[in-house]
Amino acid sequence: MIIVGNWKMNKDVKESNHFLDSFISNMKWYKQNNLRLFLSPPYPLVNDIKNKILEKKFHFELGLCAQNCHNKNFGSHTGEVSAKILKSVGFSSVIIGHSERRKSFNETNEILLEKILRCFENNLLPIFCVGETLAERQKGDQYKIIENQISILKPYSNKNNIVVAYEPVWAIGSGKTPTNEEINDIHLFIKKNLPNTSVLYGGSLNEKNAKDILPISNVDGGLVGGASLDYSKFTSIIKVANEIC
Ligand code: PGA
């Protein structure tokens with residue numbers, strides 16, 4: 001199981017420190033096992049978080065996951081951050097193709113594939129997001145959309161070095177989720193197309209529905225947005241995942 005907390009553009013240094021102090025106290029029960037935990041903060045917080053992890057001597061691994069990277073390793077791209085830089089400051093994984101970025105930054109399959117290749121070159125684990133909009137689901141097009149999104153991963157899927165996150169766009173931040181059966185069917189579809197790939201669920205995953213969603217047979221973990229901002233909610237989700245591991 002993998003649990004990733006995606007903070008998006010939330011928390012400043014003070015708020016992040018406060019979260020980590022409370023989170024570590026709340027995680028005393030936890031014994032490192034097969035569960036892989038990641039936190040995905042805004043880039044500028046990474047050094048502070050790394051120091052906090054060292055200073056607090058975390059008794060478990062908390063990987064740092066970036067929320068994006070550029071599709072080139074260096075160059076004249078003002079305001080951008082490359083996979084190479086991310087690796088050098090301590091990130092071990094990167095969210096690629098989140099629907100908020102696909103929409104706001106017109107990230108196409110071609111660009112997303114380049115980003116994934118940059119992750120491989122820099123030994124970073126890509127967490128690749130896919131999912132249909134509400135209009136696409138209403139037309140019954142979800143499988144077609146997801147098939148197209150994952151098509152770029154096919155040549156790489158046997159190496160066990162990509163994680164996919166199924167995040168229906170209409171479920172993100174909305175409090176709505178697909179039924180358990182719908183989630184399982186899409187995850188199974190992704191796994192049939194990409195053997196050996198872990199598939200996380202994301203989209204309004206919270207401390208209440210985690211006990212229903214995380215045990216679904218083809219769900220290998222969760223990408224948590226809103227609920228990861230609250231140390232107590234995030235810990236409750238980790239507890240559920242820990243019981244399944
Ligand atoms: P949410 O976000 O949990 O707030 O719906 C998930 C995500 O966008 O990764």
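Bear in mind the structure is a predicted one, so any value in this text is a computation, not a measurement. Counting starts at 1 for both ligands and their atoms, in listed order. Quick note: residue numbers are just sequence positions, from 1. These numbers come from the heavy atoms of this one structure, side chains and all, not from hydrogens, waters or symmetry mates.
- Residue-ligand proximity: G173 is placed with a non-hydrogen atom under 4.0 Å from ligand 1.
- For N218 and D185, the side-chain atoms include no donor-acceptor pair closer than 3.5 Å.
- Partners of K72 under the salt bridge (charged side-chain N to carboxylate O under 4.0 Å, His left out) rule, at least two apart in sequence or in another chain, are E114.
- In summary, the atoms of ligand 1 found under 4.0 Å from a heavy atom of H98, numbered by their order in the structure, are 7 (C), 8 (O), 9 (O).
- Salt-bridge check for K139 with E136: failed, with every basic side-chain N at 4.0 Å or more from each acidic carboxylate O.
- Between the side chains of W170 and E132, a donor-acceptor pair is found at a separation under 3.5 Å.
- For ligand 1, the atoms sitting less than 4.0 Å from at least one non-hydrogen atom of N6 are 9 (O), numbered in the order shown with element in parentheses.
- Taking the charged nitrogens against the carboxylate oxygens, R137 and E182 do have a contact shorter than 4.0 Å, which makes a salt bridge.
- Distance from atom 4 (O) of ligand 1 to its nearest protein heavy atom, with residue and atom name: G226 N, 2.8 Å.
- Donor-acceptor pairing under 3.5 Å is lacking for the side chains of N242 and K31.
- On a distance-only criterion, S174 and ligand 1 share no N/O pair closer than 3.5 Å.
- Here the heavy atom of the protein found nearest to atom 9 (O) of ligand 1 is E167 OE2, 2.8 Å.
- Applying the 4.0 Å criterion to heavy atoms of G203 picks out, from ligand 1, the atoms 5 (O).
- Here I172 has heavy atoms under 4.0 Å from ligand 1 in both its backbone and its side chain.
- Residues forming a side chain to side chain contact (heavy atoms under 4.5 Å, CB included) with I152 (at least two apart in sequence, or on another chain): N109, L112, L113, I116, F128.
- Heavy atoms of A227 stay at 4.0 angstrom or farther from ligand 1.
- The shortest contact between atom 3 (O) of ligand 1 and any protein heavy atom is with G225 N, 2.9 Å.
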